Amino acid sequence: MTSAGEAGRGGSPGADEKTNEEYFASYEDVEIHRLMVSDAPRTQAYASAIRKNKHLFEGKVAMDVGAGTGILSLFMAAAGARRVHAVEASGMAAIIDKVAEDNGFRDVIQVHHARVEDVTLPDDEKVDVIVSEWMGFYLLHESMLNSVISARDRFLSEDGTIFPSEARIYACPCSLQTLYREQINFWDDVYDFNMTAVKNYALKSKMIKPEVCLIKEDDLLAEPACVKRFNLRWVTEEEVKLFAETTFVGINQPGTYQGLSLWFECDFDGREYDEDGQEVGALITLSTSPMSPATHWKQTVVVLGYGVAQTPEQPALLCQENLNASIDSVCPSPATNNGKTEVHNGSPQQNLENGSQNMETCDNTIQPDFANLVEKDEVVGWKLVFAQSEENTRHYTMTVEMLDPEEVEHPMPCGCPTPRCAIIAKMMEQDEDGNDIIDCT
């Protein structure tokens, strides 16, 4: 096993170094790894992607970024990889060494106890394939993506493969009847006392922190929209620092529009043609959507705050560190509200167990007392902005702004059913070049 020295070892560690040390130390808790490895859709997707694309691994050099327990390294070694560089910055690196030996792959799996940014390979060796499980809630939580991009740019051969090969973020308007019934409307009847102030506080608290929960497919009010797509072979660090996407969709079933649900999908595309022109390999997709088997990522929901009456004296919401929130950051900003919230990461252990995060600032206004009912074919829209922290690339601020479809210009192409957008979309589909078509199916 090789290891890299820690930056700043001789002096007082800076804030960034302390953050990294805490982050990597949290992954020494084996319970985190049990939760992830026992996530069958997650682990089986990686196993299938490697086993059904053995042509990419047999006799090849591979790299596992963020190896954890070494399970993905084992999959690659079992698929015939000549050498696997297992990169793990936490103390689990020593365990991977023993795991490799116990499974007969001591001479195949080479463990690097270091951040991938600090790894050097002998003789400037290039790898044929990079595999990493870097995804988090709504894809970007913890943002290990930057480390994967760094590894790709430094180590992947010119014609190499990266798994996953593509990642997509989806969003969809949804109803939150169960959440409202169990956690908000509960306060309507408490031993005959008026608990409206508590109810308002409860909903306001939900507005400043996205909920990581399972959404029923029946609670989705529209066709899911692909709001962002990353080609992992070519995406740059600059492209993931800041991006915004405006989306309009048509409601396909009437209901109560109470939240915006987000999730992601990842493709592992190993298909190529052999010397005889025959296609080999397979496309494997890992989905965290409400239509797929549940994963530990679940779905991420931004609560819009509809359905609680305004009172003459709204309770002040005290914003202090260690107040629980669900994920990195959210700034829900409905069309009638300029509220803003910023929430910052807790440890991965907290995230996996209960979604706990540290929160800094908030200023939100509860929406008036109406159910926000939407009808079939009604158009709703939103703007999502993801901004990466300059201090820590694993942290993002997510801003959600609800848009008036009659006042805001629609993107092109637009998937909503308004006549103008439908005509333009049809014309663009017939464009022979197809350069402007975004197909996330």
Side-chain angles (χ1 to χ4, degrees), residues 2 4 36 42-43 45-90 92-93 96 100 105 108-136 139-140 142-168 230-237 239-240 264 266-272 281-286 393-394:
T2 63
M36 291 190 291
R42 164 201 180 269
T43 307
Y46 277 88
S48 296
I50 294 169
R51 290 169 180 166
K52 294 183 178 181
N53 292 292
K54 292 184 69 174
H55 63 285
L56 298 175
F57 297 90
E58 287 180 317
K60 304 293 182 63
V61 178
M63 176 175 282
D64 180 358
V65 179
T69 60
I71 184 67
L72 303 187
S73 295
L74 291 172
F75 288 150
M76 289 187 278
R82 175 165 52 90
R83 180 160 52 255
V84 178
H85 294 284
V87 182
E88 175 57 42
S90 79
M92 288 296 295
I96 301 174
F105 295 122
V108 175
I109 298 176
Q110 181 177 345
V111 181
H112 301 264
H113 185 193
R115 300 186 316 145
V116 72
E117 292 86 350
D118 299 327
V119 168
T120 57
L121 298 183
D123 301 320
D124 294 326
E125 181 181 36
K126 295 295 183 181
V127 303
D128 301 295
V129 58
I130 291 176
V131 177
S132 178
E133 197 276 75
W134 54 267
M135 304 83 73
L139 186 69
L140 297 176
E142 296 179 16
S143 191
M144 237 180 83
L145 179 54
N146 284 72
S147 295
V148 174
I149 293 173
S150 173
R152 180 202 69 194
D153 291 346
R154 295 179 59 213
F155 302 119
L156 191 60
S157 63
E158 186 174 338
D159 58 348
T161 300
I162 186 166
F163 274 179
S165 50
E166 180 174 289
R168 299 177 294 275
F230 297 108
N231 182 327
L232 280 310
R233 185 62 180 86
W234 305 111
V235 67
T236 66
E237 291 192 54
E239 291 174 309
V240 302
F264 67 88
C266 287
D267 285 347
F268 303 77
D269 193 351
R271 295 172 297 179
E272 60 183 30
L283 169 65
I284 303 297
T285 298
L286 166 62
T393 58
R394 289 186 294 273

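The analysis underlying the following values was restricted to heavy atoms, covering all of them including side chains, and did not include hydrogens, waters or symmetry mates. Since this is a predicted model, take the numbers as computed values, not measurements.
Residues that satisfy the side chain to side chain donor-acceptor pair (under 3.5 Å) test with Thr285, not counting sequence neighbours, are Asp267. For Asp128, there are no side chain to side chain donor-acceptor pair (under 3.5 Å) partners at least two apart in sequence or on another chain. Listed by chain and residue number, nothing satisfies the ring pair (Phe, Tyr, Trp, His ring centres under 6.0 Å) test with Phe75 (two or more places apart in sequence, or in another chain). Residues passing the ring pair (Phe, Tyr, Trp, His ring centres under 6.0 Å) test with Phe264 are Trp297, sequence neighbours excluded. Judged as a side chain to side chain donor-acceptor pair (under 3.5 Å), and not counting sequence neighbours, Glu272 has no contacts. Taking the ring pair (Phe, Tyr, Trp, His ring centres under 6.0 Å) definition, one finds that Phe230 meets it with Phe243, sequence neighbours left out. Not counting sequence neighbours, the partners of Arg271 by the salt bridge (charged side-chain N to carboxylate O under 4.0 Å, His left out) test are Asp269. Phe155 pairs by the ring pair (Phe, Tyr, Trp, His ring centres under 6.0 Å) definition with nothing, not counting sequence neighbours.
Listed by first and then second residue, the salt bridge (Lys or Arg N to Asp or Glu O under 4.0 Å) pairs that reach into residues 46-55 come to none, sequence neighbours excluded. Screening residues 153-165 for side chain to side chain donor-acceptor pair (under 3.5 Å), with sequence neighbours left out, gives Ser157-Asp159. The stretch residues 63-83 participates, sequence neighbours left out, in these salt bridge (Lys or Arg N to Asp or Glu O under 4.0 Å) pairs: Arg83-Glu125.
In this structure, CZ in Arg42 is found 4.0 Å from CD in Glu133, a value given to the nearest 0.5 Å.
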Under 3.5 Å, sequence neighbours excluded: what are the donor-acceptor pairs made by side chains of residues 65-72?
none

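When every heavy atom of Ile109 is checked against every heavy atom of Ala86, the shortest pair comes out as CG2-CB, 4.0 Å.
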Q.
Set out, in order, the CA-CA distance, both residues' side-chain angles and the distance that settles side-chain contact (heavy atoms from CB on, under 4.5 Å) for Arg233 and Arg152, then state yes or no.
A. CA-CA 8 Å; Arg233 185 62 180 86; Arg152 180 202 69 194; 4.2 Å; yes

Q: Evaluate the criterion side-chain contact (heavy atoms from CB on, under 4.5 Å) for residue pair Leu121 and Met63; output intermediate values, then yes/no.
A: CA-CA 11 Å; Leu121 298 183; Met63 176 175 282; 4.1 Å; yes

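In this structure the side chain of Val148 reaches within 4.5 angstrom of the side chain of Ile162, judged on heavy atoms. Contact of the His85 side chain with the Val119 side chain is not registered, since no non-hydrogen atoms from C-beta on lie closer than 4.5 Å.
Proximity of the aromatic rings of Tyr46 and Phe163 is defined here by a centroid distance below 6.0 angstrom, and this criterion is not met.
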